[in-house]
Amino acid sequence: MPDPIRVRFAPSPTGYLHVGGARTALFNWLIARKLGGVFVLRIEDTDRERSTDESTRTILDGMTWLGLHWDEGPVHQADGLPRHQADARRLLESGRAYRCFCTPEELAAKREEMKHEYRYDGKCRAIPPAESDARAAAGEPHTVRFRVPDGVTQWDDIVHGETRFENASIDDFIILRTDGTPIYNMAVTSDDIDMRITHVIRGDDHIPNTPKQILLYQALGAPVPAFGHLPMILGGDGKKLSKRHGATAVGDYAQMGVLPEALFNFLALLGWNPGDEREVMEVDELVQAFSLERINKKSAVFDTEKLYWMNGRYLEKKPAEELFEIVAPLLVKKGLVTEAEVETRRDWLLHLLELLKTRARSVNEIPKLAQTYLVDEVEYDADSVAKQWKDPLTAERLGAVRAALQGLEPWTVEGIEGALRAAAEGLGVGFGKVAQPLRVALTGSAASPGIDHVVFLLGREGALRRIDRARERLAAATAV
RNA sequence: GCCCCGUUCGUCUAGUGGCCUAGGACAUAGCCCUCUCAAGGCUAAAACACGGGUUCGAUUCCCGUACGGGGUACCA
């Protein structure tokens, strides 16, 4: 039995959980589940200035909402400080790193002067160890830089294949700041070694960091993990997805009525596919089909339109009972039902939900659709009224429908349909000639679920009242 | 500037040298189903960035160009 793979998701808590980050987390989670590995969550909070607990909580909430459960952590990178420093010191002692006494001002001036051509000049590289030790002992401020060796650093990227960097193109980068705290690449490498991470799966904006980290692994004598770099997620204009494209946070989509399973599925298909034509795939199915080898190289545009289509499919699939847990609070919030009615009218509401869930693309649309059935006064849509009530016989037909419903027993969906069809037959017209005007009378609109269900849900009393209101309106219009 | 990465319908993608008259999905349009809407079914329109090679044969392999993206910090 080989050792289980160990992967990690390592967000920095400086904001919300971005959909790009969520997808990275998702791919790590999927491969861990698929291969029976371990998924570790690490919060990269070494930048104390920008990191907040609020942000950490948002990220954790987002992952939980999506169903991305971590097996270990969250570990805070800041807690690893002593180890980061110890690793850096080992590098210093073995000569793989050296102290740099250049001041930030000197460096900034050089950068200003050289502009785009700027490279660290390696000025402190040649300082003899004895001198370096003495200056440090005397309290002279310094950073620690990694001594990039000659040669080439390459790796077989899981996504991109053979990738190589000339070491000459890599500056002697800082690993410890003047205040002794580690810089990103140092902290990450130290942590990934410590956590025994076997596969580093992250965004491809990290590709330039990878050779630096590999060099660090080698200098520390640690086994180098496998690397896989995921393509970026872009906005509709082909630019990196950012706030100006609108919603980019997982929480935003939750707010907008997207189901976690829909976002999960959608994100999984951004830069990966199962190799056949399946698209709507449940979590288990995705785990089953997932493989690192099928991840795409090309960045992908986040198409909200398709997300909502997929959300619609999940809304339809979701049992009304489950959806009810999400929708009921929204109905209460909108003042359409009371807390008590959520319980007392549960079956009725479930029936309504069953009818509406196929017709919505977002959870948030459901209260709007439900409103018609929960208020006393129907709002008439002018176009629907004009079109469906223009026949002068409308009032008469509604009267016939009213009569058919008044004494109908038993009051069932099937019974109602039968009564309405009989009424249409009695009037000598097609069913549509009865159903459409009635639909407008009952819902104010020319579009709704099946008329039999609508009548049933409104109840005999409610339906008759709305028919009467409609007939009054028609009478008034005729009189004028 | 330099260093990396990428480029198939508007969008997500299939495709690993002949199966490609380039397949599927979203969006769009039409038809069917039908009491309307939604869902569903069918159909249409829609793509291999460009130029050179290699090969009997390139969407597929190689090299350039163009375009896009990322990096180039005592940020992560």
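So that the names make sense, note that chain A is the first sequence line, chain B the second, and so on, each numbered from 1.
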Item checked: Complementary nucleotide of B:U72, counting Watson-Crick and G-U pairs under 3.5 Å -> B:G1
Next item on the list: Output all residues satisfying salt bridge (Lys or Arg N to Asp or Glu O under 4.0 Å) with A:Asp47, sequence neighbours left out; order by chain, then residue number.
Entry: A:Arg50
Item checked: B:A39 and B:A27, which share atom name P, separated by this distance in whole Å -> 8 Å
Notebook entry, point to check: What are the residues of residues 432-439 of chain A, sorted by number, that bring a heavy atom to within less than 4.0 Å of RNA chain B?
Noted result: A:Gly432, A:Ala435, A:Gln436, A:Arg439
Check: Within 45° of the ring axis of A:Phe27 and under 6.0 Å from its six-membered ring centre, is that where the NZ or CZ of A:Arg23 lies?
Finding: yes
Next item on the list: Round to a whole Å and report the spacing from CH2 of A:Trp309 to C1' of B:G40.
Entry: 13 Å
Notebook entry, point to check: Mind checking whether A:Leu17 and A:Pro11 have side chains closer than 4.5 Å, heavy atoms only?
Noted result: no
Check: Is the closest side-chain donor-acceptor distance between A:Asn185 and A:Gln213 under 3.5 Å?
Finding: yes
Item checked: C1' atoms of B:G23 and B:U36, separation to the nearest Å -> 35 Å
Notebook entry, point to check: With rounding to whole Å, what would you report as the distance between B:A22 and B:A47 at their C1' atoms?
Noted result: 9 Å
Item checked: Same-atom distance (C1') from B:U8 to B:G70, integer angstrom -> 23 Å
Margin query: Let's see if you can work this out: which of B:C3, B:A14, B:A25 has an atom nearest to the side-chain heavy atoms of A:Asn296?
Written below: B:A14
Checklist line | Nearest-Å distance for atom pair CG/C1', residues A:Leu307 and B:C12 | finding: 12 Å
Margin query: Classify the ring geometry of A:Phe456 against A:His351: parallel below 30°, tilted from 30° to 60°, perpendicular beyond 60°.
Written below: tilted
Check: In the structure shown, which nucleotide is the Watson-Crick or G-U wobble counterpart of B:G64, with both distances under 3.5 Å?
Finding: B:C50
Check: Which listed nucleotide (B:G23, B:A39, B:U11) is nearest to the side chain of A:Val301?
Finding: B:U11
Margin query: Output one letter per nucleotide in nucleotides 28-34 of chain B: B when a protein non-hydrogen atom lies under 4.0 Å from the base, S when only the sugar-phosphate is that close, - when neither is.
Written below: -------
Next item on the list: Select base, sugar-phosphate, or nothing to describe what A:Glu279 touches, counting heavy atoms under 4.0 Å on all strands.
Entry: base
Notebook entry, point to check: If we take the C1' atom in both B:A46 and B:U11, what is their distance in whole Å?
Noted result: 12 Å
Next item on the list: Go ahead and name the base partner of B:G40; Watson-Crick or wobble counts if both distances stay under 3.5 Å, otherwise write none.
Entry: B:C32
Next item on the list: Please report, rounded to the nearest Å, how far the P atom of B:U16 is from the CD atom of A:Glu293.
Entry: 17 Å
Checklist line | side-chain contact (heavy atoms from CB on, under 4.5 Å) involving A:Arg421 - partner list, sequence neighbours excluded | finding: A:Glu417, A:Phe431
Margin query: In this structure, how many angstroms lie between the P atom of B:G40 and the NZ atom of A:Lys357, rounded?
Written below: 14 Å
Notebook entry, point to check: Which part of the nucleic acid does A:Ala446 contact within heavy-atom distance under 4.0 Å: base, sugar-phosphate only, or nothing?
Noted result: base
Notebook entry, point to check: Considering residues at least two apart in sequence or located in another chain, which fulfil the salt bridge (Lys or Arg N to Asp or Glu O under 4.0 Å) criterion with A:Lys123?
Noted result: A:Glu106
Notebook entry, point to check: Got a sec, which residues hit salt bridge (Lys or Arg N to Asp or Glu O under 4.0 Å) with A:Arg460, two or more places apart in sequence or on another chain?
Noted result: A:Glu409
Next item on the list: Return the nucleotide paired to B:C26: Watson-Crick means purine N1 to pyrimidine N3 with N6-O4 or O6-N4, wobble means G-U with N1-O2 and O6-N3, both under 3.5 Å.
Entry: B:G10
Next item on the list: Determine which pairs satisfy salt bridge (charged side-chain N to carboxylate O under 4.0 Å, His left out) with at least one residue from residues 157-181 of chain A, sequence neighbours left out, and list them in order.
Entry: A:Arg119-A:Asp171, A:Arg125-A:Asp172, A:Arg164-A:Glu166
Next item on the list: Look at the side-chain N and O atoms of A:Lys298 and state whether any lies under 4.0 Å from the OP1 or OP2 oxygen of B:C5.
Entry: no
Checklist line | Pairs touching residues 258-274 of chain A that satisfy salt bridge (charged side-chain N to carboxylate O under 4.0 Å, His left out), sequence neighbours left out | finding: A:Glu261-A:Lys318
Check: Is there side-chain contact between A:His84 and A:Asp191, with at least one heavy-atom pair below 4.5 Å?
Finding: yes
Note to self: Assess, by modelled atom type and distance only, whether the side chains of A:Ser445 and A:Asp381 contain a donor and an acceptor separated by less than 3.5 Å.
What the structure shows: no
Item checked: A:Phe165 side chain near A:Thr210 side chain, heavy-atom distance below 4.5 Å -> no
Notebook entry, point to check: Taking 4.0 angstrom as the limit, do A:Glu322 and A:Lys317 come out as a salt bridge?
Noted result: no
Notebook entry, point to check: Rounded to the nearest Å, what distance is computed from the CZ atom of residue A:Arg23 to the P atom of nucleotide B:C12?
Noted result: 12 Å
Check: If you measure from the P atom in B:C9 to the same atom in B:G24, how many Å do you get, rounded?
Finding: 16 Å
Next item on the list: Let me have a per-nucleotide readout for nucleotides 69-76 of chain B, 5' to 3', with B, S or -, counting only protein heavy atoms under 4.0 Å.
Entry: SSS-SBBB
Margin query: Taking donor-acceptor contacts at under 3.5 Å, does the side chain of A:Lys306 reach the base of B:A25?
Written below: yes
Notebook entry, point to check: Any idea how A:His160 and A:His229 line up, ring-wise: parallel (<30°), tilted (30 to 60°), or perpendicular (>60°)?
Noted result: tilted
Check: With sugar-phosphate meaning primed atoms plus P, OP1 and OP2, does A:Pro231 contact a base, only sugar-phosphate, or nothing at under 4.0 Å between heavy atoms?
Finding: nothing
Item checked: A:Asp252: salt bridge (Lys or Arg N to Asp or Glu O under 4.0 Å) partners, not counting sequence neighbours -> none
Note to self: Over all strands shown, is A:Arg294 touching base, sugar-phosphate only, or nothing at heavy-atom distances under 4.0 angstrom?
What the structure shows: sugar-phosphate
Could you run down the sub-3.5 Å N/O contacts of the protein with nucleotides 44-49 of chain B?
none

Margin query: Nearest to the side chain of A:Arg361, heavy atoms from C-beta on, is which of B:G6, B:A27, B:A14?
Written below: B:A27
Next item on the list: Between B:C48 and B:U7, how far apart are the P atoms? Round to whole Å, please.
Entry: 15 Å
Item checked: Polar side chain donor-acceptor pair, A:Asp79 to A:His76, under 3.5 angstrom -> no
Margin query: What's the gap between B:C74 and B:C63 when it is taken at their P atoms, as a whole Å value?
Written below: 35 Å
Note to self: Between A:Glu54 and A:Arg57, does any side-chain N to carboxylate O distance fall below 4.0 Å?
What the structure shows: yes
Note to self: Taking the minimum atom-to-atom distance to the side chain of A:Arg313, which one of B:A38, B:A39, B:C4 wins?
What the structure shows: B:A39
Checklist line | Toward the 5' end of RNA chain B, by each residue's nearest nucleotide, A:Glu162 or A:Gly450 | finding: A:Glu162
Notebook entry, point to check: Salt bridge check: are A:Glu140 and A:Arg99 linked by an N-O gap of less than 4.0 Å?
Noted result: no
Notebook entry, point to check: Considering only heavy atoms, which members of residues 264-276 of chain A lie under 4.0 Å from some atom of RNA chain B?
Noted result: A:Leu269, A:Leu270, A:Gly271, A:Asn273
Note to self: What is the separation between atom CD on A:Gln388 and atom P on B:C37, rounded to the nearest whole Å?
What the structure shows: 10 Å
Note to self: So A:Phe173, base contact, sugar-phosphate only, or nothing? Heavy-atom distance under 4.0 Å.
What the structure shows: nothing
Check: If you find the nucleotide of RNA chain B closest to A:Asp452 and the one closest to A:Val159, which residue's nucleotide is nearer the 5' end?
Finding: A:Val159
